Amino acid sequence: MLTNNNNHPFHMVDYSPWPLTGAIGAMILTSGMTKWFHTFNMNLLMIGMTVIVLTMIQWWRDVVREGTFQGLHTKLVSKGLRWGMILFIVSEVLFFASFFWAFFNSSLAPTIELGMKWPPMGIQPFNPMQIPLLNTAILLASGVTITLAHHSIMECNHSQALQGLFFTVMLGFYFTLLQMYEYWEAPFTIADAVYGSTFFMATGFHGLHVIIGTTFLLTCLIRHMMNQFSSNHHFGFEAAAWYWHFVDVVWLFLYLSIYWWGS
């Protein structure tokens, strides 16, 4: 039952249990991660992940219903959503800035404990001309395909937009698989001095953002297949595209600073 009237352009949201279940899931997830780190037991972690995934699916379902079928996302509401996404990406920029700060703080003036050199003594860094360069090409190519999909949606070219989204999702999956392989073959660990810590924290969180962005785009692909985007009403896709371009730019900085310059 709707609890608001629509005699104004604003969207007064209905009562929803999903913020509460999301908070509970996040608490269980973080508690489960702590348990996993100390006891190597993933039971609580998997429960938290399940609660969060179910919350995401049902919360997104409600948002899609509001914007696509109930017509509650007016131009004014859409403007607010855009500003919300912009501020979210700005917060993500500052989040990654902290990792770059830690990396350059340690690499520009290595301490005596690190052997007065960077990479520290005993650390064999990755060759930037191998998997890191391939991953760079993959993300740059995905930036082209997502832009192609965006322009196709604005031109009402359904099949070309579908192809662009599909290839972007596949490239995101491919990037994640290559990074998993890179981690598996890594000659150092997160416990190997500040180099290992900054490397795995920066690239690991970026990899997490790639997984999130790929999920975001996969959701848009499914929605596009269900004809839920139009040439003038597709902010869900635009938000995913903005987020993906942000992921691309962060990777370029990671590649140039940590993989290439830092090696």
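Treat the numbers as computed from the prediction; the structure is a model and nothing was measured.
To the nearest 0.5 Å, the span separating CG on L29 from CH2 on W36 amounts to 10.5 Å. Note that the OG1 atom of T68 and the NE2 atom of H233 stand 6.0 Å from one another [nearest 0.5 Å]. Atoms CG and NZ, from L44 and K35 in turn, are 5.5 Å apart once rounded to the nearest 0.5 Å. Atom CG of residue L165 and atom OG of residue S152 lie 9.0 Å apart, to the nearest 0.5 angstrom. Going from atom CD of E182 over to atom CD1 of I131 covers 5.5 Å, rounded to the nearest 0.5 Å. Atoms CG and CD, from L208 and Q179 in turn, are 10.0 Å apart once rounded to the nearest 0.5 Å.
Inter-residue side-chain proximity for L171 and T145 is flagged as met; some heavy-atom pair is nearer than 4.5 Å. Side-chain contact between L134 and Y174 is present, with at least one heavy-atom pair separated by less than 4.5 Å. Side-chain atoms of P187 and Q124, non-hydrogen and from C-beta on, do get closer than 4.5 Å to each other. With a 4.5 Å cut-off on side-chain heavy atoms, I28 and M49 do not count as touching. By the 4.5 Å heavy-atom criterion applied to side chains, Q228 and F69 are counted as neighbours. Contact annotation: the side chain of T198 never approaches that of M201 to less than 4.5 Å [non-hydrogen atoms, C-beta and beyond]. The closest side-chain heavy-atom distance from V247 to V250 is not below 4.5 Å. In this structure the side chain of H150 reaches within 4.5 angstrom of the side chain of H234, judged on heavy atoms.
Both F235 and W83 are part of a single hydrophobic cluster, where members link through side-chain heavy atoms under 4.5 Å apart. A continuous path of Ile, Leu, Val, Met, Phe, Trp and Tyr side chains, each step under 4.5 Å between heavy atoms, connects Y183 with V210, placing both in one hydrophobic cluster. L252 and I258 are not part of a single hydrophobic cluster, where members link through side-chain heavy atoms under 4.5 Å apart. Both W260 and F253 sit in one connected hydrophobic cluster of ILVMFWY residues. Membership requires side-chain heavy atoms under 4.5 Å apart, directly or through other members. Both V249 and I138 are part of a single hydrophobic cluster, where members link through side-chain heavy atoms under 4.5 Å apart.
Under 3.5 Å, the side chains of W251 and T136 contain a donor-acceptor pair of N or O atoms. Of the N and O atoms on the side chains of W18 and D62, at least one donor lies less than 3.5 Å from an acceptor on the other residue. Side-chain polar atoms of H151 and N157 form no donor-acceptor pair below 3.5 angstrom. Under 3.5 Å, the side chains of R223 and T219 contain no donor-acceptor pair of N or O atoms. In the model, S230 has a side-chain atom that pairs as donor or acceptor with a side-chain atom of N232 under 3.5 Å.
With sequence neighbours excluded, no residue satisfies ring-ring contact (aromatic ring centres under 6.0 Å, His included) with W244. Evaluation of the ring-ring contact (aromatic ring centres under 6.0 Å, His included) rule for F188 yields F126, Y195, F199, F200 as partners, not counting sequence neighbours.
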Practice prompt. Determine, stepwise, if the pair Y255 / L133 fulfils side-chain contact (heavy atoms from CB on, under 4.5 Å).
Written response: CA-CA 8 Å; Y255 176 75; L133 182 60; 3.6 Å; yes
Practice prompt. Please report the C-alpha distance between H158 and F229 in whole Å, then the side-chain angles of each, then the deciding distance to 0.1 Å, and finally whether the side-chain contact (heavy atoms from CB on, under 4.5 Å) criterion is met.
Written response: CA-CA 9 Å; H158 185 275; F229 293 136; over 6 Å; no
Worksheet entry | H73/V63 under side-chain contact (heavy atoms from CB on, under 4.5 Å): CA gap, chis, key distance, verdict | CA-CA 9 Å; H73 289 182; V63 172; 4.0 Å; yes
Worksheet entry | Criterion side-chain hydrogen bond (donor to acceptor under 3.5 Å, both in side chains) on T168 and S142, from CA distance to verdict | CA-CA 5 Å; T168 306; S142 71; over 6 Å; no
Discussion item. Assess the residue pair F216 and W60 against the criterion (side-chain contact (heavy atoms from CB on, under 4.5 Å)); give the C-alpha distance rounded to whole Å, side-chain angles, the decisive distance to 0.1 Å, and a yes or no.
Written reply: CA-CA 10 Å; F216 203 170; W60 289 350; 5.9 Å; no
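Across all non-hydrogen atoms, the minimal contact from L254 to A202 is CD2-CB, 3.7 Å. Contact record, T214 with V169: CG2-O, 3.9 Å, taken as the closest heavy-atom pair. The two residues A241 and I146 come nearest to each other via the heavy atoms CB-CG1, 4.0 Å. The heavy-atom pair separating L217 from A240 by the smallest distance is CD2-CB, 3.7 Å. Residue C220 comes nearest to G236 through the heavy atom pair SG-O, 3.6 Å, listed as atom of the first residue, atom of the second, then distance.
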Could you list the donor-acceptor pairs under 3.5 angstrom formed by side chains in residues 88-99, with sequence neighbours left out?
unit_1 : atom_1 : unit_2 : atom_2 : d
S91    : OG     : F88    : O      : 2.5
E92    : OE1    : H209   : NE2    : 2.2
S98    : OG     : F95    : O      : 2.5

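Checked against a 6.0 Å centroid threshold, the rings of F237 and H224 do not count as neighbours. Note: H206 and F175 meet the aromatic proximity criterion, with ring centroids under 6.0 Å apart.
The closest donor-acceptor contact from the side chain of T50 to the backbone of M46 lies under 3.5 Å. Between the side chain of Q58 and the backbone N or O of L54 there is at least one donor-acceptor pair closer than 3.5 Å. Put simply, the side chain of S197 gets close to the backbone of I190: a donor and an acceptor are under 3.5 Å apart.
Other residues, nucleotides and ligands contribute at most 12 non-hydrogen atoms within 6.0 Å of the CE atom of M225. Few gaps surround CH2 on W261; more than 12 heavy atoms of other groups in view lie less than 6.0 Å from it. A 6.0 Å sphere centred on CE of M170 holds more than 12 heavy atoms belonging to other residues, nucleotides or ligands.
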